[in-house]
> 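The structure is given below, and queries will be raised subsequently.
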Amino acid sequence: FQGFHFVAGLSPTLRRVADLLQVSFSKDLRHRFRIHSGTLEQCKYSLMGYGIPKDILPITNDGQIKMTAHMRWLQQRRHKDTLTVQARSNPSPIANLSTRATDSTIRVPG
């Protein structure tokens with residue numbers, strides 16, 4: 001965990017919520033918590049100062065939520081969950097093998 005960035009935008013209510021959150025955090029976490037307020041563009045450029053690319057945010061400049069990446073993530077997550085459920089219901093026979101050492105020796109004739 002490196003840090004936590006709260007984007008309040010132009011909302012005074014969200015800014016107050018962020019301030020209350022920051023006060024409630026421990027000293028160590030408080031130093032890792034940053035609040036970004038202003039227009040969306042100002043927030044994006046503020047985040048860039050911390051190495052967060054502005055294109056990575058799931059929102060467009062006109063405030064629309066970008067759904068493509070989210071839907072792709074959901075599809076990958078559902079696939080991973082399906083594989084996990086299948087693995088639990090059909091355990092591999094290899095998982096039942098014992099790994100303990102034996103006293104047997106293989107001899108090659110010759």
> Considering only residues two or more places apart or on different chains, which pairs with a residue in residues 76-85 satisfy side-chain hydrogen bond (donor to acceptor under 3.5 Å, both in side chains)?
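Counting only pairs at least two positions apart or across chains, the side-chain hydrogen bond (donor to acceptor under 3.5 Å, both in side chains) contacts touching residues 76-85 are Arg77-Asp81.
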
> Among pairs that include at least one residue of residues 38-47, which meet salt bridge (charged side-chain N to carboxylate O under 4.0 Å, His left out), considering only residues two or more places apart or in two chains?
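Residue pairs with at least one partner in residues 38-47: there are none.
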
> Using links of under 4.5 Å between side-chain heavy atoms of ILVMFWY residues, direct or through other members, which residues join Tyr45 in one cluster?
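Joined to Tyr45, directly or through intermediates: Met48.
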
> To check you understand the geometry: which heavy-atom pair defines the closest contact between Lys66 and Thr60, and what is its length?
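Looking at all heavy atoms of both residues, the shortest contact is CG-CG2, 3.9 Å.
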
> Applying ring pair (Phe, Tyr, Trp, His ring centres under 6.0 Å) as the test, list every pair that has at least one member in residues 6-26; sequence neighbours left out.
Phe25-Phe33

> Got a second to check how far Ile56's CD1 is from Leu47's CG, nearest 0.5 Å?
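That separation rounds to 10.5 Å.
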
> What are the two closest non-hydrogen atoms of His36 and Ser46, and how far apart are they?
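Scanning both residues completely, I find the closest heavy atoms to be ND1-OG, 2.6 Å.
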
> Any side-chain to backbone donor/acceptor pair from Arg34 onto His5? Under 3.5 Å, distance only.
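Such a contact is absent between Arg34 side chain and His5 backbone.
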
> Shortest non-hydrogen contact from Ala8 to Ile35?
CB-CG2, 4.5 Å

> Apart from Leu74 itself, what residues make up its hydrophobic cluster, given side-chain heavy atom links below 4.5 Å?
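Answer for Leu74: Ile65, Met67, Met71, Trp73.
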
> Enumerate the side-chain hydrogen bond (donor to acceptor under 3.5 Å, both in side chains) contacts for residues 8-26, please, sequence neighbours excluded, ordered by first and then second residue.
Arg15-Asp19, Arg15-Ser37

> Between Leu57 and Val7, is there shared hydrophobic-cluster membership here, with clusters defined by ILVMFWY side-chain heavy atoms closer than 4.5 Å?
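Linked, Leu57 and Val7 end up in one cluster.
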
